[in-house]
Every structure is written in C-alpha cells, then in structure tokens.
Amino acid sequence: MHYKKLAVAAASKRIRTVLPTRLSTTTSSLLSLRRCLSTRDCTVSSDSSADPPAFTNSRIRSNPRATPSRDPRPAKPTTPLVVKLSSKDRPSKFKIPDSVSKTVARELLRNKYLFSEYSLFSPHRGFQKWKNHGLLKHTKIPDDFFRGRIPIKLYPYQVDGPRFILASPAPEKKEAPPAPAKPEYGAMRSHVQIVAAPTADTPGACLLVHYDNRRYVFGHLSEGTQRLFTEHKIPAAKLSHIFLTGKTDWATTGGLLGMILTVADVIISAKTAVEEENRLRRKKNKPDIVHGGPQRIEIHGSKNLEHMLAAARRFVFRKGFPLDAHELRADPRAANPENSEPDYEDENLKVWKIPLVATGMESRSRSSSTGSQNPRKRKLNSSEEPEAMETVAEEEDGEVVEDVPAGLENDEEKTRLLMQTIIKHMFDSDWKADTLVEQPLHKVKLPAKIFVRDDEGKITVYKGPLPGRDANVPDIRVLVREPWPGALIHRLPPTDPCFDSTCYIVKNHARRGKFQPANALKYGLPKWTFSKLAKGESVTAEDGTVVTPDMVLDPPIPGHGFALIDVRYEYLLDSLLRRPEWENKEIMEHIDAFYWILSPEVKDDSRLKDFMAKHNSFKHIVLGEGMNPNTISFAGASGKAIMMHRMDPDRFSIPNHNNQEEALPAGLASVAELGKPGERLLLSPTVEFQPKFANALMNTIRPIKELTSTHAKAFNLALEAQEKVSDPAFAARVAESEQDIPNRDAEIVTLGTGSALPSKYRNVSATLIRVPGYGSYLFDCGENTLGQLRRVYGYAETDAILRDLRAIYISHLHADHHLGVPSVLARRAAANAALPADEAPKPLTIISTSKYIGFLHEYKDVEPLDWSNIKFLTLIGTGRKPTDDPSGPHSADLGPGNNHFNMLPGTLCALQPASFRGNPSEALESQTGLASIDACFVDHCLGATAAVFTWPSGLKISFSGDCRPSDAFAQIGKGSHLLIHECTFDDELIGEAKAKKHSTASEALDVGRKMGARRVLLTHFSQRYPKMQAPVLDELERQEQSVSGGEKKGDRTVVLYAFDYMKIKLGEFKMAERFLPALRELYGELEENEEEDGDGAEGKE
Ligand SMILES: [Zn+2]
Ligand SMILES: [Zn+2]
C-alpha cells in the first residue's frame, strides 16, 4: 500500500495573518494535507530510508535599495518538510500528548490522523541560533524519527519551545484517488458574500466571490479590509483577482498594497516550498510537482491604478509574484452599444466592465471637500507645483534625480509601458542585488557602493576620491552594483485625477445540461460514445445521423450573476442612467441582484430610486456610508478594549459604535434593502439569498460578564487599583513628584500597537500625541489609523483632532508604519473644508526621509487633496555622530567607503529645508508648534530613523520607530519626559530581535535608562500579549516618599505597555501603573485560555 508523499505547502508567515490563529493554521495545514493525499502526483516509493528533511530558509531576498516593504514577520524560518514514508512503519499509537491544545487535538482526531509531538530539532544552521537561546532540546535527529509519520509544519504553540506536530494519515480505503481537478467551465458551487460594509474602521464596501479554486474581490479594497479577512478567517491565499470599483483613490484602494503584500508572501513562500521539493525530486529523477494555488494576481480598476501602484515602488519589492494591473480607460461598448461580449472571462466567470463617466467634472474645481485645483486643466509643470511641494529636494539623499525619461511625456502608450515595467520590477523582478556592472568612475551615480578589481583580479571596495564630492577623481573603471531598475525612475510621468467610476456585471458560465442516456439510445448510439457526447462532442450514428450534444443533453443550465454599481457621487448618476447594458438582454439575463455602493450624497436622489423601481425584477442591495450602522468590525480587539474599560475606565474607552439597525432613506426603502456583512447570494448550483450568514452583532455585554466571572481575580485587582488611584492623597503625591514635568495634560493615544500586519488584537503602528495649546501629532501612521481614531473618539472629535494636526512623523518605509497617511490627509482636508470662512486651517508638516515624501509627491497626482497648507520636512543624512563637533569634520570612521547612502545607523539627520534647523527656530515653531526636532538613523532598514520632539514648554518626547537599541538615539533623547520605544520581542527572543533588527523589552528599557526618560511606553509588539513586568509598587512608592521627604524630589521611571485604543495623559502614568498587576493577571489568563481555544497562539514567538 502506498502513502502519498507530502510536500506541505509552506505554512507561510503570511498565511498566519490571514488565518490569524493557530486553530486556522492547523486546520489549513490539515486541509492541505488532505488535498495532497488525494493528488495522484504525490505517490511515493515505499523506500523506508528517510532522507534528512530539507530545511531551507525560504526568506525572500530583499532589495537593499528599495526599502523592504514591511517588517519581516517575527516568525520562525518557514520550512517545508518533505519526508518519505514507509508503509511498513505505520504508527500504531494513537495518543495525544497533554501539551497539545484541545482544539488541535479535536481536529487531529476528527481527521483520523495519528500523530506525535516533538520539540523542534534541526541540524540546519538556521535553527542553530534557537539552540543557542536554549529553545531547542534536540540537535540531532534520531534515525527513526520520521519513520511512518508525515510531518505537518505547524507553529510553536508552547511558550517554552517551538514544537511540531507530526501527523500521519489513517490507512485509507482502497480507492483510486480522484484525478487532478481540471478547470471546467461553469464551476459547480459559487456564491457572493458581503465582506465589508462601511463603518468607522472599514470604510469600504467589498464583495467576495467564491469558487472552489479561487476567490475574487469586487468593490473596494479599503483600509481595514485585510483585517476583516483575518477577523472572519477568510484565507487570502486563494485571492487571485481584484476588481476595484469607483475611482482610484485611497478611500477605495487604501488596503490594496497591504493585501497584495500579504497574498504575495503567501504565494511566494508556497512556490519556494514547491521549488525546493522539486529540486530534491529532480535529483532522484522524479517528475516535478506543481504548485496548485494562484500563480499571480490580477487587479482591475479605474484610471491611475498603475500610477498608484508604481508610486509605491519605493517600499514594495518582491520577486516571483507576477501582478497585472488593468485600467479601464475606454468604454468597452463605445463603438457598439449592443456588443454583449464580456470584457473579462476565465474558467469561472464573465465580467462586463461599466464605466460611469463623471459628468460636469470638467468645470468642477477640486475645491469642494478635498482639493483646490481644477482636475482637468492642471498640467504638471514644476513652476505650478503647490508651494508645499517645493520642499521636496531635487536631489534625494544625494541621489541623482532622473527626470521622466525623454519622450515619454504626452505619450500615453509609452507611459503605460513604463508603468507596467515598473510594476513588473516591483513584484516579479529578475534583478539581482549582487550583479556588478563596470563603468568609468566619474560616471558613477552616488550613493553607490563602488568596487575595483586589483592587479590579481580580486574585487575590493573602492575607498578613493568620489565624483562630485572630491577633486582629482582618478580616470579609472570601477564596478558598481546594478541599481534596481525601478529606483532609476525618480519621478513618474504626471497624471491627473480621474473621477469616473468603474462598475461591473458578473456572471457564471452556463453549464452543460445533464446527459440523458435514453436520448442517445434512441439514435442507436453505442455506450462508448456517451462520454464523448457528455463532453460536448458530436457523434455520428450508424445510419449516418450526426448526433450533436444538444440532441442528447438536457438544456444548458444558465450561469447566474450580479451587478455591482459604485455610484457615490451625484455627478455619476446621468451616466448610470444612460448605460446601454441595462437594455442588453443577453448581458442582463440571469442577473439576480444589484449591489449598490452609495453615499449620503446620492441616497435621496430620486433618479436612483426610479432606476431601482424600473428594474424591479432584481433584488437591490445597498451598502453605504451613513446607511449601514457603524457596528463593531473587529470583535476580538473590541472585546479586550471593553474588558479593560471596565477595569480602568480612565485609560480605556469602549470603541465608538452603533449596534442599532439603521434604515434606508424612505425612498430607497421601498425598492431596496440594506446589505449586511456576511450575507450571501448563492449563484450555483441554485440561486438563493442567504441572509442567515450575516455576521452576528457583537454582544458588548459579554466581555464584561467574562471579566467579572472568568477573570474575577484580575477584575478584583483592578478594583483595588481603582480604589487606590481615586484616593486624592495618592493623586497629590503623584502630582508632587511630577511637578517638573511640563504638559502633564498631554495625551498619548496608542492607536495601533502591533508589528508587521493588522492582526486580530493589534492594528499596525500609530501613536497620537495631543499637547494642549500646541496641537496633535502622529508618530507613524499605519493602515487604518483614521479608523482607529474614529473608534476612540467618534467621528466629530476625530475631525477636531485632524484640524488640530500639526505634524505626522513617518519613521521608516515599512508598510505597517505609513499606509494610513493618505486617508488621514483626505479626512483632514474634508474637516478643514467645513471650517467657517474666516477661520484659517492650521498648517501641517510631514516629516520623513525623501523616499516617503517622494511617494506622496507622486500619489498627489492621483487624489486631489488640499496640499496648500501641508509642508514637507525631509530628514537628510549628515554623516555625523552625536559626539562629533557639528562644525568639524565627520567622524573618522565615516570615510568615503562608508559614504554609501550617508544613512549609517548612529548618524544624525538634519532637517531640510535648512530654515527649520537651528535652535530655536521660529519657522519650525510657527509651522509645527515644536521647538525642535532631532533625529538619527537607526539600525533597522535603510533610512530608518528615530526622532526626538521638543515643545516650547520644554516637553520632550522621544519616539524610536523600529530599531535595534541605539546609543545615538539615547543621546539625542537625553532628558526625555517620555520615551515611546518599540518592543517587538520578549527578552528570551533576543536572537530574533537581532536578526529582524528590532528591540526586546530589556533593550528598550535600557535606552530609557540611558536617556534618563521619566516615562517609558512600550509598543509595536509582535502581535502577542506583552509579558508585563510587575513592579512591586508599594515598595517603590515607599522609597519615593522617603526620598521626597529629603532634599531631592523623588520620581522614578514608570514603564507602561501600550494597547490599541488606550489613551493616557502624561501625568497619569503612575495611576495606570497601578493597574499593571490586574492587566498582567488578565492577559496571563487570556493567554492560557487561548492556548486552549487554539486561538491567538500566533503571538507565541
Ligand atoms: Zn519596520
Ligand atoms: Zn514595524
């Protein structure tokens, strides 16, 4: 009997984000195992001499010039395991180790897998460092280790050491495995599901169309959509097509880049695993196996989609993930309105693209809510650039700026070619980081690492004079790294915003009717012809009659479908009514539903109601801002917030929400209904509306019940803390010890406290600082920062905060730190537009390195925002260390060899334009409310910075971004009142922290000590609960009091841990500290419970 060989598709880092919990990872691994087992290609010899498993480090090489797009996930090496099995050695035991959580055990039992569980072991050097940390117990594989077992790669589910579960299938019944699934027209099962309806933190409307082999997104891929996939355990790995509706702007595509990166990483890891497997197979002359998932991703959308993607080339770089972007630029039925050919077709579905033209927008200025320029007339001419843009350096960090390649202006085709080339290089490049090209030294574009070949042909680093910097550049030929081609394009050809909206009609293929043998027998056909007929071929009967399939098959089963109409702006309505598709019988037949994406601007327009009333044979389902209630989207995170609110109401608030059913406007209510997330429309095999799948509203009482019953101990500790902090004497003592801290009323709001990806409990990085009298400041601004703000403050107060926003600082270009900026800017513009005419909006400054500012500079072509009062402050390298004399030469060890990039960790940044430098700088204060900004480069990714902000009151706050601990940062942050430091890993994972260039808790605290920081707030956790230190508070306080009785005022460093939705005043750290024992108890218990649930275990890393 044969076992099937298993190549476990890499349970990649990203899969876990989509399947956020261990349960789903487990389930998916098991499912993929099951799939593998039913695939004929996987047969394996019964040779029992197991090969050593192939451990490979499948990390994707990243481009050193293009900043990596996202934090490397703090995860173990993703390692496909391939093992030969012997039929003789089938395990007979069926014992579940106690350490396996119940859910996993249930899953294993349910699937009748025999399994054992072992600590991780490996001879591979990738795991050696784990051993060094004492995490590994085995270094050698016992010879018989793999015999009779199929290993499933799982994630560590125990704190005390990474573990595998090794599982073997129960003996299978003798039956031939099914043939590999062939794509067949008219797949059997398919349905449409509403994934997102507009809420505060899921601003878009999104449909997901399911087929067995892949998924299609239709609608918006807004910020927060990916996190919804995680919340509802929708795997992103099968997502292969995205059809974006509406115009191209951040409201519709704000989550696109994050989602693409996630899907890319899932697929690239799976491919890498298969390649590795095939490499081994080829050695043994075995045929290759094929990676079954989607091989590429296709994105369809409106004009400027390519421009938007290409602008992200500064922070997106992947290899082996082809991405095609298709912009709808012309009306497919312009020439022939009767044409009913679909505009896109594959084995699952047919799609008709419907462009709604923005009528009257030619004369409309961009002033309204979001802009100030005429969309159609503006020509990109540097002299007409808004003032704000002038601060963009012509030279980017000393890099030579190449203008738009000659001849490309005004040439649409060439521009598209350029865009497609850039996009190809972003996702599917064949560029290699280590290729050296030879050229004359004086032609080398700096910064570049330069090499020379010595007399013996050996390549060494060139350290001599440099072109453009030194005199007497020798006339020699040198070798330089070939730059990433995308990096050579410093400025995309300009484009104009486009207001047209793309909509779709989507339909399944018709299926062939059922074969009726009786019909075939009537023509005297022999049985062997039946299968031909069933496949659609004609057969000639003995009497010469040609029997065609339609003579013997039941009538075809029509393919059903739906329309998705994105009409959020009044100026699209005329075009909607005029579209020819509505009268085209062939296109419209078997359409069952119209999904509408509406907005308050159009919801009362009678034209819409009339249209729906006229087409009343369809079901009309409405998704729209202000119509769908602002229900809680992320129940996991909100549940924790509600618990913490009950424990410490002053620091934690209940996320702003509305669970009341909202009604459609009276006009629409008679012809349409409101769509609810989760609801389905089954398209095949039958058509059925399935409201039963609607997501249940979150019960906001439950977390409190759970807290007071299950977590009674934590709750009681919290009550004690509440009592303590409400004691006026306590508050007075705190105030006394802090009297030298300025702005004790400054509020710190940790909007997103997780690293890498939005996850179930933590959103990605963003911290808001509100300093009364000066303004609000955002330190990093990851995806969905606006949504988090709205959950904390509600809509109106969020607008007030955004009007008060004086600076956004982006520490580095990993996607988890800045993808929320455009929507914050857009909302701020809208909030400012509502100001009374006599009130001038406050200026806003965006502070980052030129790469990020270059991205915004290109993105502004796509979405008209009010840029008139936004300035950019570019952080440029000085090459000096904090200890250097500012007017003297550079540090000795920063010679020309190191000049490369001028962004060495540990060196200082200067502000550009220079008028903002100097201390004190009036220009800086009037622009930002700040007295000074100091920053330095840190060891994380190229161009990563940490910064120190000082207000005129003396308040000093240091923010680390992501980094290894930095002495330079400690130096410039000396005397900080607050240090906000990343703490991606717990102390025991110091090896991971070094490898991924992050900090551990102790390292972060050490920086705080060096700074003499009075308060430390740890954040940016690797999607886990932090291991909270529990200070012995009463003892500390006694010491404090005894000192304060003496000469010195007693104060000590207070350390807190950030949670999403937490807001705390600077003068409240000691109050919040009182709740640490309660929180520690709560999260300790939650962690244990979720072990049981198989939930939340991804944090154990
Ligand atoms: Zn980072
Ligand atoms: Zn990060």
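Order of appearance sets the numbers: ligands from 1, and atoms from 1 within every ligand.
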N/O/S atom name from His814 that is nearest to the position of the Zn ion (ligand 1):
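Nearest N/O/S atom of His814: ND1.
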
Quick check on the Zn ion (ligand 2): does [X] put an N/O/S atom closer than 2.8 Å to it?
{"X": "Asp816", "result": "yes"}
{"X": "His817", "result": "yes"}
{"X": "His998", "result": "no"}

Leu768 and Tyr793: CA distance, side-chain angles, deciding distance, side chain to side chain contact (heavy atoms under 4.5 Å, CB included) verdict:
CA-CA 12 Å; Leu768 174 78; Tyr793 289 107; 4.1 Å; yes

Taking the Zn ion (ligand 2) as the reference point, name the nearest N/O/S atom of His1020.
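Of all N, O or S atoms belonging to His1020, NE2 is the one nearest the Zn ion (ligand 2).
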
State the atom name: nearest N, O or S atom of Asp962 to the Zn ion (ligand 2).
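Of all N, O or S atoms in Asp962, the Zn ion (ligand 2) lies closest to OD2.
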
Within 6.0 Å of NZ in Lys994, more than 12 heavy atoms from elsewhere
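No.
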
Do the side chains of Tyr1061 and Met644 get nearer than 4.5 Å, heavy atoms only?
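Side chain of Met644 against side chain of Tyr1061, heavy atoms only: no contact under 4.5 Å found.
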
Side-chain heavy-atom pair His817, His812 within 4.5 angstrom cut-off:
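Heavy-atom side-chain distance check passes, below 4.5 Å.
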
Confirm or rule out an N/O/S atom of His812, from backbone or side chain, lying less than 2.8 Å from the Zn ion (ligand 1).
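Given the 2.8 Å cut-off, His812 counts as a ligand of the Zn ion (ligand 1).
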
Does any N, O or S atom in Cys941 come within less than 2.8 Å of the Zn ion (ligand 1)?
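Checking Cys941: none of its N, O or S atoms is under 2.8 Å.
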
Arg791 vs Ser633, side chain to side chain donor-acceptor pair (under 3.5 Å): CA-CA, chis, key distance, verdict
CA-CA 10 Å; Arg791 289 295 182 193; Ser633 323; 3.1 Å; yes

Taking the six-membered ring for Trp, are the ring centroids of His857 and Phe872 within less than 6.0 Å of each other?
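Aromatic pair excluded; centres sit 6.0 Å or further apart.
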
